[in-house]
Each structure stands twice: as structure tokens, then as C-alpha cells.
Amino acid sequence: MDLLMNPFSPGAGFRPPELAGREKIITRSKVLFGKILRQAPEKSLLLTGLRGVGKTVLLSEMERMAKDDFGLFVMSIEANGEQSLRSELTSLLKDVLFDMDRRAKIKEKVRSGFSVLKNFIEGLSISAGDVKFGVDINTGRSKDGEDTLEKDLPKVMETLLSIAKEQHKGIILFVDEIHYLKQNELKALLFSLHHSNKNQLPFAIIGAGLPILYEQLGEAKTYAERMFRFFNVGALSFEDAQKAMKEPAKRAGADFSDAALQEIYLLSQGYPYFLQEWGYHAWEAAESSPISKQVIDGVMAEVLSNLDTSFFRVRLDRLTNGERQYLRAMAQVEEDTVPSGLVAKILGKKLTDLSLIRDTLVKKGMIYSPAFGQVSFTVPLFADFMKRTIPRFADKR
């Protein structure tokens with residue numbers, strides 16, 4: 001097989017050659033963008049799912065469509081729990097204002113926009129054409145220490161959105177890893193969206209995050225669920241997984257046998273990232289088309305080793321020994337959802353003794369709680385990885 005023609009591309013954020021099984025989400029985003037341009041009301045979008053299901057890829061594709069196909073103003077951030085939302089948005093808001101200025105002669109409105117930004121931008125000195133602005137440093141807190149983001153952001157957005165509306169445009173904010181936002185930051189975003197909706201301003205948020213997002217939204221704002229359409233981005237069906245493998249191979253002049261496709265689906269469980277890994281290594285190893293089941297079996301050790309080092313271990317390395325033991329105990333149960341009490345029993349500890357470890361693992365995005373007293377991995381097939389990594393484990397039940 002020609003290695004240069006290998007269509008499969010495992011990697012963080014890499015767009016797969018075929019976005020199979022995501023047509024409904026793409027269509028809904030196009031409806032949202034079209035309604036924003038028409039100044040018509042439409043709910044924003046939130047994508048939730050485990051690691052490796054292609055949420056970031058979908059965000060990138062929708063961002064491209066919003067900007068290139070619909071001509072909307074776009075802002076994009078990836079939350080990480082370290083850099084503040086205020087600092088992340090500062091340069092993006094500035095860039096949008098400059099973009100607006102390039103599209104129309106609105107110097108006075110741009111001046112007004114930067115004036116509103118003075119409580120948002122920290123120590124910035126910029127110029128727009130023949131207009132210069134010096135902006136005071138602002139920490140984002142009032143004199144009594146109260147965080148002002150929830151008050152500041154809606155004002156800034158209202159100013160920019162009024163300009164966008166006058167230009168018959170709109171603004172879409174894309175937020176990846178949205179579950180990493182602090183509660184005050186999530187509140188500020190939700191309030192800004194709510195404020196814009198009430199005032200019929202052309203603004204939408206498209207976010208992606210882990211399943212813990214549902215709980216976070218409810219805690220942030222009681223009306224949050226009514227402002228979004230939710231999409232659970234999960235594993236692909238066999239038909240969609242088959243399409244994701246066969247179509248790229250066909251365009252590259254090759255094919256998979258039916259047995260090979262069934263084996264890949266069984267091993268990957270339909271998760272898009274894993275499909276790309278199997279496709280990539282199978283193509284590298286195959287001598288001719290169609291790629292057979294024997295080829296799939298032959299690259300199994302290489303695929304698992306690559307997944308362990310590039311996909312799984314980077315997450316494990318951030319954990320303490322106690323946290324690793326907690327995850328290994330979860331893997332011992334061999335169920336998608338594990339009772340917290342059973343984890344404690346396996347480790348020979350009281351449930352209360354493990355509450356801090358459990359909460360830390362949730363904050364680190366390693367596990368989430370699908371129901372009260374239950375925990376699940378956020379990373380597909382992580383239980384198998386934990387067993388490979390810690391083969392000797394003392395079950396104290």
C-alpha cells in the first residue's frame with residue numbers, strides 16, 4: 001500500500017477524512033448560523049461526550065462554516081482552568097472590533113466599543129486607523145472584592161452585537177472544554193447569552209465538553225438548559241463506522257474486507273479516534289487491498305502500544321498514586337458505570353475517605369457522575385488501559 005495515500009489521521013483535533021454520523025449536528029449548526037444572519041431567534045448548541053469522540057473536530061468544522069460560508073464574526077477559545085476567561089476574551093473582542101472596522105466605516109462605533117472594553121482589557125495600548133486608545137489596567141474586581149465579570153461581559157457583548165446587527169452579521173463564540181470554566185465564568189457567559197436573547201441581538205454560543213457539563217450548567221443558571229440544544233456525541237453505529245473507514249479508503253483506491261471492518265468495530269467500539277488509529281496502522285501494514293482481518297490482528301499490539309503512549313498515558317501521568325488506585329479499582333468492576341461505594345469496598349476504605357480523591361478526579365476531567373453515587377470514566381476503553389498498566393492489583397472485597 002502507498003503510505004503517502006494513507007487517508008487516516010489519528011491526532012488531537014485532526015479532521016477525519018469522513019465526518020460520518022454527525023450530519024444532524026452539522027445541519028443544526030447551519031440552521032443556527034442562517035437564523036443569526038436573519039436576526040431570528042434560535043437556541044445555541046452544546047456538545048457533550050467522552051474523550052476521543054470528535055467534539056473538537058466538530059467545533060472546528062462549524063467554526064469554518066460560520067466564518068467562511070456564512071460570513072459571521074467568530075471567536076474561539078479552549079478553556080483550560082488556568083487562564084481566565086476575561087484574558088482569553090480580551091484579544092478576541094479586540095480582533096472582532098478591528099474586523100468590524102474593516103468591513104464598514106464605523107470609527108465612532110469602534111471608539112465606543114473600545115471604551116466599553118476598558119473594564120475588560122488589562123494594560124492594552126492599541127490603535128485603529130487614526131484612532132488611538134489607552135486602556136487602564138483592570139483586575140476584574142470591584143473595590144469590595146466582588147468579581148465583576150458577570151456585569152462587564154454583557155455590556156461589552158451588547159456593544160459589539162449592536163454593531164454586528166447594524167452590519168447584518170452576528171457573533172458566534174466557540175468554547176472547547178467548556179467544563180473547565182470556573183463557575184463565575186460560566187455564569188457570565190450564560191448571562192451574556194440570556195441578555196442578548198432578550199434584546200434580540202445576533203449572538204450564539206457553541207460549546208463542547210465532558211458529560212459533567214449538565215450538572216455545571218444547572219448550578220450556574222437555572223435557565224441554562226432552555227437556551228441550548230444539546231447533542232450527545234458518542235460512539236458511531238456500525239453503519240457509520242463502516243462509512244468512516246470505507247469511504248476514505250475508496251477515495252484512496254483501496255478497501256477493507258467485511259471481516260476486517262467487523263474486527264475494527266469490535267476493537268474500537270465505534271469511537272472515532274480509535275477508528276483512525278486502527279485505519280492508520282492497518283494501511284501501513286497492508287500489502288494489498290482489500291485490507292484483511294489478518295492485517296488487523298497483526299497490528300493489534302502496535303495500535304494498543306500507540307494508544308497507551310499517545311492517548312491514555314498523558315492523562316495518567318497527571319495523577320497521584322491514590323488517584324491511580326481509585327481508577328484501577330473502577331476498572332476492576334468491568335462496568336461502564338460503577339457505584340462509588342463499590343470502589344471504596346474494593347480499596348478497603350470508607351466512602352468518606354475517598355471523597356476528596358473522587359472530587360479531584362472529576363475536576364481533572366478523568367471521571368464524571370452520570371447519577372448520584374455513580375462514577376464513569378470520561379475516556380473510552382480506559383478500564384482496559386488501567387488493567388494493562390497496573391496488572392497486579394489487590395482487590396480487598
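It should be emphasised that the depicted structure is a prediction, and the values quoted were computed from it without experimental measurement.
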Partners meeting side-chain hydrogen bond (donor to acceptor under 3.5 Å, both in side chains) with Glu334 (sequence neighbours left out):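 With neighbours one apart ignored, the set is Lys387.
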Any residue meeting side-chain hydrogen bond (donor to acceptor under 3.5 Å, both in side chains) with Ser340, in chain and number order, not counting sequence neighbours: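 If we apply the side-chain hydrogen bond (donor to acceptor under 3.5 Å, both in side chains) test to Ser340, skipping adjacent residues, there are no hits.
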Could you name each residue pair satisfying ring pair (Phe, Tyr, Trp, His ring centres under 6.0 Å) that touches [range], not counting sequence neighbours?
{"range": "residues 351-397", "answer": "Phe312-Phe382, Phe312-Phe385, Phe377-Phe382, Phe382-Phe385"}
{"range": "residues 163-191", "answer": "none"}
{"range": "residues 198-249", "answer": "His194-Tyr223, Tyr214-Phe230, Phe238-Tyr265"}

Qualifying side chain to side chain donor-acceptor pair (under 3.5 Å) pairs with a residue from residues 303-312, counting only residues at least two apart or across chains: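 Every pair satisfying side chain to side chain donor-acceptor pair (under 3.5 Å) with a residue in residues 303-312: Glu277-Asn306, Asp308-Arg388.
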From CD (Gln39) to CG (Leu37), nearest 0.5 Å: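 If we round to the nearest 0.5 Å, Gln39:CD and Leu37:CG are 8.0 Å apart.
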Cationic N near anionic O, under 4.0 Å, Lys293 to Asp258: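 Looking at Lys293 and Asp258, the cut-off is not met.
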Any Glu18 side-chain heavy atom under 4.5 Å of Lys246 side chain: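 No, side chains not in contact.
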Pair Phe73-Leu160, side chain to side chain contact (heavy atoms under 4.5 Å, CB included): steps then yes or no: CA-CA 10 Å; Phe73 298 112; Leu160 270 67; over 6 Å; no
With [X] via side-chain contact (heavy atoms from CB on, under 4.5 Å) - residues at least two apart:
{"X": "Leu266", "value": "Glu263"}
{"X": "Glu215", "value": "Glu219"}
{"X": "Ser257", "value": "Ala259, Ala260"}
{"X": "Lys187", "value": "Glu150, Gln183, Ala220, Lys221"}

Quick one: side chains of residues 27-34, donor-acceptor pairs under 3.5 Å with protein atoms, not counting sequence neighbours, listed by atom name and distance.
residue	atom	partner	partner atom	Å
Thr27	OG1	Glu23	O	2.9
Arg28	NH2	Glu42	OE2	3.2
Ser29	OG	Ile26	O	2.6

Trace of the side chain to side chain contact (heavy atoms under 4.5 Å, CB included) decision for Arg22 with Asp240: CA-CA 9 Å; Arg22 309 307 189 201; Asp240 287 330; over 6 Å; no
Heavy-atom pair with the smallest gap, counting every atom of Ile296 and Trp278: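 Ile296 and Trp278 have their closest heavy atoms at O-CZ3, 3.5 Å.
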Residues in ring-ring contact (aromatic ring centres under 6.0 Å, His included) contact with Tyr280, at least two apart in sequence or another chain: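 Counting only residues at least two positions away or on another chain, Tyr280 forms no ring-ring contact (aromatic ring centres under 6.0 Å, His included).
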